[in-house]
Protein chains: 2
Amino acid sequence: MKRNTWQREAVRQALGDNEGFVSAQSLHSSLRVAGSPIGLATVYRALADLAVEGEADSLQSIDGESLYRACTPGQHHHHLICRNCGLTVEIEADAVERWAKSVAAEHGFTQPNHVVDVFGLCAACSVAADPSRP
Amino acid sequence: MKRNTWQREAVRQALGDNEGFVSAQSLHSSLRVAGSPIGLATVYRALADLAVEGEADSLQSIDGESLYRACTPGQHHHHLICRNCGLTVEIEADAVERWAKSVAAEHGFTQPNHVVDVFGLCAACSVAADPSRP
DNA sequence: AAGCCTAATGAGATTCGTTATCAATAATTC
DNA sequence: GAATTATTGATAACGAATCTCATTAGGCTT
């Protein structure tokens, strides 16, 4: 049976408090800094559970570590992420879902997963990077 | 100044001989099995160089390791990858390209990059994994 | 409230991919 | 051929993530 512990809740809340994607390590250390005695292994477990339950999205950062972010549960979606400030927008992509499924089936592949993320500069960071073109 | 060594050439060739994405580790061990005394660190360095020069594509596998594959430089494409045997099919995705661009613009994002990869089990591995459902 | 069962925790050890170190080697230039 | 110096490679170091297992505590029953 699944149990509710203050640790799970602390991780869920810490995730929700954060705007963009965070690593398990940094989430753990910010919890510790905030005075929580939560253990690192527990943070990893809680994040993995949240990801399975659909309450968190996860992606692999460039250097291979897993990053997590709170998300609206129950809905499969992808992300538009500012590579400067980390601002993240959730995007729906039914067309992409169908495309991924069909392209997999077309080549005889089963159990298709897909990784679809768009990185860019958000409006604010675009202006900051090139003020001449607002 | 950059120097040409047989080790770089061996890595480039081993990559080209391979059908799908390979990890640095497995590439190294197959080179060793083939009789080459090449070192592991050198394989990592050669692969990183090839990726920077555009002669290899790299991606992060589900479990966090970097996988590499030879590719024709200057051409943008995506991949359909068997997560069991590594078999890779290059896929065209003009529709996805346009979708990524438009969704980025729609939210005020500029300079859009995107990560689009589909993982699954290829026909052969699907049968091997579940022979009852060929 | 007390007790039981067992899921969950957490400190530390462990695994494993990748990178850094640094003396030795060898590719290029002169 | 000698000099220069990029490159190599064995090994150490690093870091993210997982595992171990004794301990803790959540939720149920009585």
Side-chain angles (χ1 to χ4, degrees), chain A residues 1-15 18 20-53 55-69 86 113 115, chain B residues 1-15 18 20-53 55-69 81 83-86 117 119:
Chain A
M1 158 213 332
K2 192 176 161 186
R3 294 174 181 176
N4 293 329
T5 64
W6 63 264
Q7 288 96 334
R8 301 280 172 124
E9 194 49 42
V11 169
R12 190 192 323 250
Q13 189 141 356
L15 250 200
N18 218 302
F21 281 84
V22 208
S23 71
Q25 303 265 358
S26 69
L27 202 64
H28 173 245
S29 66
S30 56
L31 279 165
R32 294 297 279 252
V33 166
S36 171
I38 194 172
L40 177 60
T42 303
V43 173
Y44 274 102
R45 281 187 284 239
L47 286 173
D49 286 355
L50 288 172
V52 167
E53 292 160 15
E55 292 194 61
D57 281 327
S58 69
L59 60 81
Q60 302 281 331
S61 78
I62 306 292
D63 56 349
E65 69 181 352
S66 290
L67 302 181
Y68 297 87
R69 178 170 184 274
N113 270 9
V115 178
Chain B
M1 155 218 331
K2 192 175 163 185
R3 294 177 180 174
N4 294 328
T5 64
W6 64 264
Q7 287 97 333
R8 302 280 172 120
E9 195 48 44
V11 170
R12 189 191 323 249
Q13 188 140 358
L15 249 201
N18 217 302
F21 280 84
V22 208
S23 71
Q25 304 262 0
S26 69
L27 200 64
H28 173 246
S29 66
S30 55
L31 280 165
R32 295 297 279 252
V33 166
S36 171
I38 194 172
L40 177 59
T42 302
V43 173
Y44 273 101
R45 281 187 285 240
L47 286 173
D49 286 355
L50 289 172
V52 167
E53 292 160 15
E55 293 194 60
D57 280 330
S58 69
L59 59 81
Q60 301 283 330
S61 79
I62 305 292
D63 57 348
E65 68 182 354
S66 291
L67 302 181
Y68 298 86
R69 179 167 186 275
I81 304 151
R83 57 171 162 263
N84 181 246
C85 70
D117 288 302
F119 295 85

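Atom set for the values below is all heavy atoms of this structure, side chains included, hydrogens, waters and symmetry mates excluded. Note on naming: letters A, B, ... go to the chains in the order of the sequence lines (proteins, then strands), and numbering restarts at 1 for each one.
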> Side chains of B:D63 and B:E65: does their closest heavy-atom pair fall under 4.5 Å?
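B:D63 vs B:E65: side chains touch.
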> Rounding to an integer number of Å, can you tell me how far A:Q25 CD sits from D:dC14 P?
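Rounding to the nearest Å, CD of A:Q25 and P of D:dC14 are 15 Å apart.
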> On DNA chain D, nearest-nucleotide positions of A:A41 versus B:K2: which is more 5'?
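With A:A41 and B:K2 compared, the 5'-side residue is B:K2.
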> Let me know the distance between CD1 of A:I38 and P of D:dT24, rounded to the nearest Å.
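So the CD1-P distance, A:I38 to D:dT24, works out to 18 Å.
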> So, does A:T5 get its side chain near the phosphate of C:dT9, meaning an N or O under 4.0 Å from OP1 or OP2?
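For C:dT9, OP1 or OP2 has a side-chain N or O of A:T5 closer than 4.0 Å.
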> With respect to the phosphate group of D:dT18, does any side-chain polar atom (N or O) of A:Y44 fall under 4.0 Å of OP1 or OP2?
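Result: no.
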> Look at the side chain of A:H28 and the backbone N and O of A:I38, then say whether any donor-acceptor pair between them is shorter than 3.5 Å.
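Here the side-chain-to-backbone pair exists.
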> With the side chain of B:E65 defined as its heavy atoms from C-beta on, choose the nearest nucleotide among C:dT21, C:dT28, C:dT18.
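So the side chain of B:E65 is nearest to C:dT18.
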> Verify the contact: side-chain N or O of B:R8 to OP1 or OP2 of D:dT8, cut-off strictly under 4.0 Å; return yes or no.
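So the side chain of B:R8 is within the cut-off, an N or O lying under 4.0 Å from OP1 or OP2 of D:dT8.
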> Is B:Q7 near enough to C:dA26 that one of its side-chain N or O atoms lies under 4.0 angstrom from OP1 or OP2?
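The answer is no; no side-chain N or O of B:Q7 sits under 4.0 Å from OP1 or OP2.
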> Quick check on D:dA17: is either OP1 or OP2 less than 4.0 Å from any side-chain nitrogen or oxygen of A:S66?
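Result: yes.
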> Between P on C:dT21 and CG on B:L40, what's the gap in Å once rounded to a whole number?
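Answer to the nearest Å: 17 Å.
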> Using atom CG of A:D63 as one end and atom C1' of C:dT18 as the other, report the distance to the nearest whole Å.
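Rounded to the whole Å, the gap is 11 Å.
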> Rounded to the nearest angstrom, tell me the gap between atom CH2 in B:W6 and atom P in C:dA26.
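Atom CH2 in B:W6 sits about 10 Å away from atom P in C:dA26.
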> Does a nitrogen or oxygen in the side chain of A:N4 sit under 4.0 Å from OP1 or OP2 of D:dG27?
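True: A:N4 side-chain N/O within range (under 4.0 Å) of D:dG27 OP1/OP2.
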> Under the 3.5 Å rule, do the base of C:dT19 and the side chain of B:R45 count as making a donor-acceptor pair?
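No pair found.
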> Tell me which nucleotide among C:dC5, D:dA6, D:dA10 gets nearest to the side chain of B:R3.
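Among the listed nucleotides, the one closest to the side chain of B:R3 is D:dA6.
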> Please report, rounded to the nearest Å, how far the C1' atom of C:dT9 is from the CG atom of A:L31.
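Going from A:L31 (CG) to C:dT9 (C1'), I get 15 Å.
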> How long is the line joining CE of B:M1 and P of C:dA26, in whole Å?
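The answer, rounded to whole Å, is 18 Å.
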> I'd like to know if B:E53 and B:K2 make a salt bridge, using a cut-off of under 4.0 Å between side-chain N and carboxylate O.
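The answer is yes: the pair qualifies as a salt bridge.
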> Quick one: closest heavy-atom pair of A:A56 and A:L15, and the distance?
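So the minimum-distance heavy-atom pair works out to CB-CD1, 3.7 Å.
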> Measure CG/A:L67 against C1'/D:dA17 and give the value in whole Å, please.
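Result: 14 Å.
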> Can you confirm whether A:S36 sits close enough to A:W6 that some side-chain heavy atom of one is under 4.5 Å from a side-chain heavy atom of the other?
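Yes, side chains in contact.
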